[in-house]
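Heads up: the structure comes next, in structure tokens.
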Protein chains: 2
Amino acid sequence: MDNSKLGSGEKLLLAALNLIAEKGYNGVTTLEIATAAGLSEKTLFRHFGSKQKLLEAAFDRYHYAEEMKKLFSEKLVWDLEEDLLLVSKTYHEIMNRNRKMIQISFKEESQLPGFRERTHRHPLQLLDILTNYFITMAEKGKIIPVDPEAHAFAFMMMHFGAFMNDLDSHKYYASISLEPFIQNSVKIFARALKP
Amino acid sequence: MDNSKLGSGEKLLLAALNLIAEKGYNGVTTLEIATAAGLSEKTLFRHFGSKQKLLEAAFDRYHYAEEMKKLFSEKLVWDLEEDLLLVSKTYHEIMNRNRKMIQISFKEESQLPGFRERTHRHPLQLLDILTNYFITMAEKGKIIPVDPEAHAFAFMMMHFGAFMNDLDSHKYYASISLEPFIQNSVKIFARALKP
DNA sequence: GTATTGTCAGTCAGTACTGACAGTCTATTT
DNA sequence: AAATAGACTGTCAGTACTGACTGACAATAC
């Protein structure tokens with residue numbers, strides 16, 4: 001990343017985001033963050049006042065916050081495979097965009113109450129959308145009419161697991177890259193839900 | 001938990017395990033741990049020498065280390081639903097037994113290299129077993145003969161996701177309790193893999 | 001009597017955070 | 001072109017506190 005053209009505030013936020021995601025809030029010093037940003041520690045405090053406020057600012061600045069409801073009511077085409085593909089790709093897009101924030105929210109959960117909830121708000125919306133989607137698809141007779149919420153949950157859990165597994169560069173399970181995994185997950189559910 | 005009959009060492013290990021899982025290694029002080037164990041800080045150092053060694057001792061003591069290969073070659077009955085049920089239940093059993101250690105390995109990854117790998121060794125074995133199981137099942141003509149490793153991976157990811165979601169008392173997605181989730185996951189794969 | 005633990009006082013290093021002062025860069029004014 | 005002002009940054013010395021860790025001694029328990 002080339003941060004040379006960013007303002008000092010931005011440089012500090014980015015450095016903080018990366019380091020805290022890696023080592024945890026308590027595992028990183030303000031001096032380290034400032035140095036990584038190519039600035040002096042003093043500048044850090046002049047900008048943010050305290051380490052805690054720096055973290056909060058980083059969160060506010062970098063967590064992805066976009067409405068999805070409309071997006072979906074427009075894009076869904078009521079073809080199971082195509083729509084599942086859209087949902088899972090959107091899911092991974094959101095999660096990857098929030099990658100660092102999610103890492104932080106997992107590590108600093110006790111110190112930063114409410115963080116986890118915020119990083120999971122958008123994925124949660126997707127779960128909701130998918131559940132309603134399954135219900136409607138069942139009404140249309142395009143999938144079996146049982147357990148729509150359970151199936152939506154299972155689908156999301158599968159992708160949540162894959163994302164988590166990949167979080168620190170997929171080295172703990174056999175590394176299967178994302179794209180074929182998504183394709184396969186869609187096929188599994190398409191076969192399972194076919195009436 | 002009633003720890004009153006445990007030796008001092010055990011009390012300290014348990015207290016350390018719980019507190020570090022909750023607040024992270026750097027988020028907890030030796031005094032806190034000792035107090036939680038009902039002992040003095042001095043006793044902690046007399047037993048373990050340093051904070052770091054305490055953590056390592058806790059890991060060695062409490063991470064689940066059992067061979068599974070034999071277990072499975074004995075228990076598999078080559079009925080898809082029944083065997084998937086066994087695999088997923090075994091998986092969640094292992095993961096829950098290692099719950100705290102897994103939390104720690106996620107939070108302290110940078111500080112404790114190799115931890116994550118160790119906590120994931122046994123689940124990895126399961127993935128291996130499941131892959132081979134699918135291959136054999138395909139040879140027997142009991143499931144479709146495509147992508148056995150991808151399907152095994154997908155199955156494990158689904159349960160990994162569910163476990164992770166549940167790690168801090170399932171409050172970030174709609175809470176669906178474990179047992180029905182397992183049942184449903186098995187049904188999905190049974191339908192998807194049926195020839 | 002031996003082993004284990006508590007108390008207490010204290011050391012030492014690290015770390016968040018501050019104040020005073022000086023330097024630099026940019027834009028505006030003259 | 002030169003001067004000036006204002007915003008931003010670096011340096012450095014220092015404060016205040018925390019937290020890992022120690023040593024000496026006393027108390028308790030088996």
Side-chain angles (χ1 to χ4, degrees), chain A residues 1-61 104 107-113 115, chain B residues 1-61 104 107-113 115:
Chain A
M1 253 185 295
D2 179 22
N3 301 337
S4 58
K5 288 197 170 180
L6 296 175
S8 299
E10 294 283 296
K11 283 187 205 162
L12 288 165
L13 289 175
L14 274 175
L17 193 71
N18 288 322
L19 287 173
I20 294 175
E22 187 189 338
K23 306 190 190 184
Y25 181 80
N26 288 315
V28 151
T29 70
T30 50
L31 179 59
E32 268 184 286
I33 294 171
T35 304
L39 296 163
S40 76
E41 197 184 2
K42 184 79 208 187
T43 302
L44 186 157
F45 283 103
R46 274 199 269 248
H47 273 262
F48 300 101
S50 74
K51 191 185 179 187
Q52 179 79 24
K53 281 183 192 162
L54 167 62
L55 173 54
E56 283 160 14
F59 185 83
D60 289 338
R61 179 83 179 74
I104 292 176
K107 291 185 190 186
E108 309 305 335
E109 177 219 352
S110 71
Q111 207 159 65
L112 310 169
F115 259 49
Chain B
M1 252 184 298
D2 179 22
N3 301 338
S4 57
K5 288 197 171 180
L6 297 174
S8 298
E10 293 285 299
K11 283 187 206 162
L12 287 165
L13 289 175
L14 274 175
L17 193 72
N18 287 323
L19 286 173
I20 294 174
E22 187 189 341
K23 305 192 192 181
Y25 180 79
N26 288 314
V28 150
T29 71
T30 50
L31 179 59
E32 269 184 284
I33 295 172
T35 305
L39 296 163
S40 76
E41 198 184 2
K42 183 79 207 181
T43 302
L44 186 158
F45 284 101
R46 273 200 271 248
H47 272 259
F48 299 100
S50 74
K51 191 186 179 186
Q52 179 79 25
K53 282 183 191 163
L54 167 62
L55 173 53
E56 283 160 16
F59 185 82
D60 290 338
R61 179 81 180 75
I104 292 176
K107 290 185 190 186
E108 308 305 333
E109 176 220 352
S110 73
Q111 208 160 66
L112 310 169
F115 258 50

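We name chains A, B, ... by the order of the sequence lines, and we start the count at 1 in each one. Not measured: the values here are computed from a predicted model.
Taking the side chain of A:Ser40 as heavy atoms from C-beta on, and the options C:dT5, D:dG10, C:dA16, the nearest nucleotide is D:dG10. Set against D:dA24, D:dT11, D:dC21, the side chain of A:Lys42 has D:dT11 as its closest nucleotide.
Whole-Å rounding puts the B:Asn26 CG to D:dG19 P distance at 11 Å. Atom CG of A:Leu19 and atom C1' of C:dA16 are 16 Å apart (whole Å). Note: CD1 (A:Ile33) to P (C:dC17) measures 11 Å, nearest angstrom. In this entry the distance linking CD1 of A:Ile20 with C1' of C:dT15 reads 15 Å, nearest Å. Atom CG in B:Leu39 sits about 10 Å away from atom C1' in C:dG6, given to the nearest Å. Atom NZ of B:Lys23 and atom P of D:dG19 are 10 Å apart (whole Å). Residue A:Glu32 contributes atom CD, which lies 17 Å from atom C1' of C:dC17 at whole-angstrom precision.
Using a 4.0 Å heavy-atom distance criterion, A:Thr43 is classed as a sugar-phosphate-only contact. Nucleic acid contact class of A:Gly9 (heavy atoms, under 4.0 Å, all strands): none.
Once rounded to the nearest 0.5 Å, the distance linking NZ of A:Lys51 with OH of A:Tyr25 reads 5.0 Å. To the nearest 0.5 angstrom, A:Ile33 atom CD1 is 12.0 Å from A:Leu39 atom CG.
Across the interface with DNA chain C, nearest-nucleotide mapping of B:Glu41 and A:Thr29 shows B:Glu41 to be the residue nearer the 5′ end. Map A:Leu31 and B:Gly38 each onto its nearest nucleotide of DNA chain C; the residue landing nearer the 5' end is B:Gly38.
Tested against B:Lys107, the residues A:Glu108, A:Glu109, A:Glu22 include a single salt bridge (charged side-chain N to carboxylate O under 4.0 Å, His left out) partner, A:Glu109. A side-chain contact (heavy atoms from CB on, under 4.5 Å) with A:Leu17 holds for exactly one of A:Leu12, A:Leu55, A:Ile104; it is A:Ile104.
Taking 4.0 angstrom as the limit, B:Thr30 places none of its side-chain polar atoms (N or O) nearer than this to OP1 or OP2 of D:dG19.
Taking all atoms of both residues into account, the shortest heavy-atom contact from B:Ala36 to B:Ala15 is CB-CB, 4.1 Å.
Applying the salt bridge (Lys or Arg N to Asp or Glu O under 4.0 Å) test to residues at least two apart or on different chains, the pairs with a partner in residues 28-50 of chain A are A:Lys23-A:Glu32.
Taken residue by residue, residues 45-59 of chain A places heavy atoms nearer than 4.0 Å to DNA chain C at A:Phe45, A:Gly49, A:Ser50, A:Lys51.
Contact check for A:Phe48 versus A:Glu56: no side-chain heavy atoms found under the 4.5 Å cut-off.
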